[in-house]
Amino acid sequence: MEKKRWDCTALPKGWKMEEVTRKSGLSAGKSDVYYFSPSGKKFRSKPQLARYLGNQMDLSSFDFRTGKMLMSKLNKNRQRLRYDNNNQNKGKPDLNTSLPVRQTASIFKQPVTKVTNHPNNKVKTDPQKAVDQPRQLFWEKKLGGLNAFDIAEELVKTMELPKGLQGVGPGCTDKTLLSAIASALHTSAAPITGQLSAAVEKNPGVWLNTTQPLCKAFIVTDEDIRKQEELVYSVRKRLEEALMADMMAHVEEASNDDEALKDDNGSEDMESV
């Protein structure tokens, strides 16, 4: 490899630029560029160089391969900066179309007239209004009555829920509760704790937490985890046995086909003789 190092005038004083050219191999003739700080630290890419210099220097117009500032990019950056400064002086238009919320003691959120012709006006909006979408109470009941069938169109047996899981709300069955828990696990990243408030048992329509499934608060114990591990192990064991039996059946079928083919060939040879 051939190395050449010289001072980089586009960077602060003391910075070096090095070009390494490969003389042999599949990449012969290819060159790599590196930069060295005054303290001797090596930089292999422009992002590393930009992170190290930080606010000391703007590298948006810097060409890492040649070690020079590109005047075309530099002029564009200056024009963009001048344009942004002019727009800031003129003031940006308010494109927010959401109605502000009246800051009064009323329990209902009432829209007010938005006035923006005075520079000191500060219009307040309710960010919670845009984030929290309303949810229908007991929407999980729509999942009731849905059943799963296997490939032979046989009804799949419903899972048995642990005794610690008890439903909350009118007409909440085990099927509805199972669908609600499965939906919460797939649609939310929050932990599933159930309805923590004891008041939900008195009036679910008022105290129901719509982010949690329709069940009372529960705790997963070590015994529950152990039973689940044993269940998973037994299911995997049965699956392993079924796959092994299927493989042996295929092997036996293939050997029978080979023997039948040999018998047919032998009989054809005897007939030809």
Side-chain angles (χ1 to χ4, degrees), residues 1-103 109 111-135 184-193 211:
M1 291 188 296
E2 181 182 356
K3 296 183 179 180
K4 296 180 182 179
R5 184 180 296 190
W6 59 87
D7 294 335
C8 183
T9 57
L11 297 178
K13 185 178 180 181
W15 281 81
K16 302 286 185 180
M17 177 181 177
E18 183 181 78
E19 184 177 10
V20 180
T21 305
R22 300 171 185 173
K23 295 296 184 179
S24 61
L26 297 176
S27 58
K30 184 179 179 181
S31 59
D32 297 324
V33 177
Y34 307 101
Y35 289 85
F36 293 87
S37 66
S39 61
K41 188 174 182 180
K42 187 177 182 180
F43 298 89
R44 302 175 181 270
S45 63
K46 184 176 179 179
Q48 291 180 354
L49 197 62
R51 285 194 297 268
Y52 182 80
L53 291 175
N55 297 328
Q56 298 180 14
M57 188 176 182
D58 183 13
L59 297 180
S60 57
S61 305
F62 179 72
D63 187 7
F64 191 84
R65 294 293 305 176
T66 61
K68 298 179 180 180
M69 289 292 184
L70 299 180
M71 297 306 298
S72 58
K73 288 187 177 181
L74 187 61
N75 293 332
K76 287 183 180 179
N77 292 338
R78 289 177 179 174
Q79 292 176 2
R80 188 184 300 110
L81 182 61
R82 190 181 302 110
Y83 176 78
D84 293 341
N85 292 335
N86 293 336
N87 286 345
Q88 288 180 359
N89 295 333
K90 292 180 181 179
K92 295 182 179 179
D94 187 3
L95 301 180
N96 187 11
T97 58
S98 61
L99 292 175
V101 178
R102 186 184 298 276
Q103 302 295 317
K109 299 178 180 179
V112 298
T113 304
K114 186 176 181 179
V115 180
T116 60
N117 57 359
H118 195 278
N120 294 330
N121 278 353
K122 292 183 179 180
V123 181
K124 295 183 178 180
T125 58
D126 188 6
Q128 204 70 14
K129 184 178 180 181
V131 175
D132 294 341
Q133 298 296 331
R135 290 192 179 185
L185 289 173
H186 286 83
T187 59
S188 176
I192 307 301
T193 59
T211 61

Across all chains, not counting sequence neighbours, the side chain to side chain donor-acceptor pair (under 3.5 Å) partners of Glu2 are Lys23

Distance col, row Lys41:NZ vs Leu49:CG, nearest 0.5 angstrom, shows 10.5 Å

Distance col, row Met57:CE vs Tyr52:OH, nearest 0.5 angstrom, shows 14.0 Å

Sorted by chain and number, sequence neighbours left out, salt bridge (charged side-chain N to carboxylate O under 4.0 Å, His left out) with Arg5 holds for Glu18

Residue set satisfying salt bridge (charged side-chain N to carboxylate O under 4.0 Å, His left out) with Asp7, at least two apart, ordered chain then number -> Lys16

Residues at least two apart in sequence or cross-chain that pass side chain to side chain donor-acceptor pair (under 3.5 Å) with Thr66, listed by chain then number, are Asp63

Sorted by chain and residue number, the side-chain contact (heavy atoms from CB on, under 4.5 Å) partners of Ala10 (sequence neighbours excluded) come out as Cys8, Phe62, Met69

Residues passing the side-chain contact (heavy atoms from CB on, under 4.5 Å) test with Pro38, sequence neighbours excluded, are Trp15

side-chain contact (heavy atoms from CB on, under 4.5 Å) filter on Leu185, not counting sequence neighbours, yields Ile181, Ile192

Are more than 12 heavy atoms, taken from residues, nucleotides or ligands other than Lys68, located less than 6.0 Å from that residue's NZ atom?
no

Distance col, row Ser45:OG vs Phe64:CZ, nearest 0.5 angstrom, shows 6.0 Å

Across all chains, not counting sequence neighbours, the side chain to side chain donor-acceptor pair (under 3.5 Å) partners of Thr21 are none

Sorted by chain and residue number, the side chain to side chain donor-acceptor pair (under 3.5 Å) partners of Arg65 (sequence neighbours excluded) come out as Ser31

By ring-ring contact (aromatic ring centres under 6.0 Å, His included), Tyr34 pairs with (sequence neighbours left out) none

By salt bridge (charged side-chain N to carboxylate O under 4.0 Å, His left out), Glu19 pairs with (sequence neighbours left out) none

In Arg22, Arg44, Lys3, the residue satisfying salt bridge (charged side-chain N to carboxylate O under 4.0 Å, His left out) with Asp32 is Arg22

